There are 2 protein chains.
Amino acid sequence: MSATPDLLRAAGVKVTPGRVRVLAALLAAAQPLSHADLEAQLPDADRVTLYRVLDSLVACGLALKAVDARGVFRFSASATQREHGGHVHFRCTDCGGVFCLKTSPPPPPKLPRGFRLGAVEMDVHGTCAQCARRTP
Amino acid sequence: MSATPDLLRAAGVKVTPGRVRVLAALLAAAQPLSHADLEAQLPDADRVTLYRVLDSLVACGLALKAVDARGVFRFSASATQREHGGHVHFRCTDCGGVFCLKTSPPPPPKLPRGFRLGAVEMDVHGTCAQCARRTP
DNA sequence: TTGCAAATGCAACACTGTTGCAAATATTGG
DNA sequence: CCAATATTTGCAACAGTGTTGCATTTGCAA
């Protein structure tokens with residue numbers, strides 16, 4: 001089913017164990033992963049190789065690179081990203097879970113002249129049903 | 001015309017040469033400045049003190065802290081933008097600048113049964129006019 | 001003026017990411 | 001299947017950014 005090596009071949013890069021494992025981890029992840037996250041998840045991988053694998057996945061279009069609020073790069077599989085674009089998420093501040101909402105994304109706001117819109121994201125957070133039940 | 005020391009006094013923090021110079025630099029800057037920018041601009045300031053001065057300005061509401069595309073923190077004076085609740089912000093992914101939009105915040109979305117809403121934030125990002133002009 | 005909490009300067013450290021280079025390896029063509 | 005070759009890997013060392021601990025200095029108020 002999920003043939004990670006095929007994705008790599010289709011992207012025109014060599015299929016190596018490192019790339020397979022990293023891409024698989026990105027595809028399985030619910031949220032974008034930092035280098036540190038991946039290092040913890042793949043303990044026997046070399047630090048530098050991990051950086052280079054991530055860069056190569058970004059270069060061939062299989063992964064996306066973005067900066068989080070702490071200034072750390074986070075990577076996500078671009079397939080996953082497409083799947084989760086176009087709708088709103090709810091993040092539970094208790095358990096950290098992410099849930100997809102039916103709500104459609106808000107309309108792009110009017111920007112001052114010269115500004116270029118990249119994306120509009122809505123960050124809805126609070127307590128999910130399960131956590132709310134546990135702490136009434 | 002408000003003198004920089006007065007802004008500091010009004011914010012309830014001690015008036016020190018470091019804070020006065022850094023805040024003046026931020027007020028005079030057209031774009032958010034990084035720690036490195038400020039260090040170059042104020043050569044006889046201590047590196048660590050500069051970090052702490054910036055943090056204190058953020059803590060007392062006189063400056064805003066954001067991350068640029070390279071993952072570096074950039075700081076801007078917020079003297080003119082005191083009210084940051086109740087309206088939407090635009091974040092420039094190039095320079096890290098934060099701009100206030102006229103748009104009103106989106107209505108809270110409908111949540112699944114049992115979910116408790118904490119807060120809704122809208123993250124509108126892209127390229128600001130100045131950065132867009134630099135990279136056409 | 002004096003006392004005290006806050007701010008500063010310095011050294012050392014931690015985290016994130018990069019570069020150079022030799023050894024190992026995936027792919028291509030015989 | 002095997003050899004040739006361009007990539008990739010692993011290691012060491014380095015660079016940039018931000019933080020912590022601690023002794024000293026300084027702003028501010030009693």
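Just so it is clear: chains get the letters A, B, ... in the order the sequence lines come, proteins before strands, and each one is counted from 1. Small disclaimer: the values here were computed from a predicted structure and weren't measured.
- The main-chain N or O of B/Ala132 is never found under 3.5 Å from a side-chain atom of B/Thr127 such that the two would form a donor-acceptor pair.
- One interatomic measurement links the two molecules: CG of A/Leu33 to P of C/dG17, which rounds to 13 Å at whole-angstrom precision.
- A/Arg19 places a side-chain N or O within donor-acceptor distance of the main-chain N or O of A/Lys14, the cut-off being under 3.5 Å.
- B/Arg70 comes within 4.0 angstrom of the backbone, heavy atoms only, and of no base.
- By the rule that hydrophobic residues join a cluster once side-chain heavy atoms approach within less than 4.5 Å of another member, A/Val58 and A/Leu38 end up as members of one cluster.
- Nucleotide D/dT8 has C/dA23 as its partner under the Watson-Crick or G-U criteria, with both atom distances under 3.5 Å.
- In terms of modelled atom types and a separation under 3.5 Å, the side chain of A/Asp37 and the main chain of A/Ser34 share a donor-acceptor contact.
- For the pair A/Asp55 CG and D/dT9 C1', the computed distance is 14 Å after rounding to whole Å.
- In this structure, the CZ atom of A/Phe73 is 15 Å from the P atom of D/dG16, given to the nearest Å.
- At least one donor-acceptor pair under 3.5 Å links the side chain of B/Arg74 to the backbone N or O of B/Pro32.
- The nearest whole Å value for the distance from the OH atom in A/Tyr51 to the C1' atom in D/dG16 is 12 Å.
- Between the C1' atom of D/dT17 and the CG atom of B/Asp68 lies a distance of 12 Å, rounded to the nearest Å.
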Quick one, give me the B/S/- string for nucleotides 7-14 of chain C, reading 5' to 3', where B means a protein heavy atom under 4.0 Å from the base and S means that only happens at the primed atoms, P, OP1 or OP2.
-> SBBBB---
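- Put simply, CG on B/Asp37 is 11 Å from P on D/dG18, counting in whole angstrom units.
- A parallel orientation is assigned to the rings of A/His35 and A/Tyr51, their planes being inclined by less than 30° (bins at 30° and 60°).
- The nearest whole Å value for the distance from the CG atom in A/Leu50 to the C1' atom in D/dG10 is 13 Å.
- The residue among B/Val15 and B/Arg74 whose nearest nucleotide of DNA chain D is located toward the 5' end is B/Arg74.
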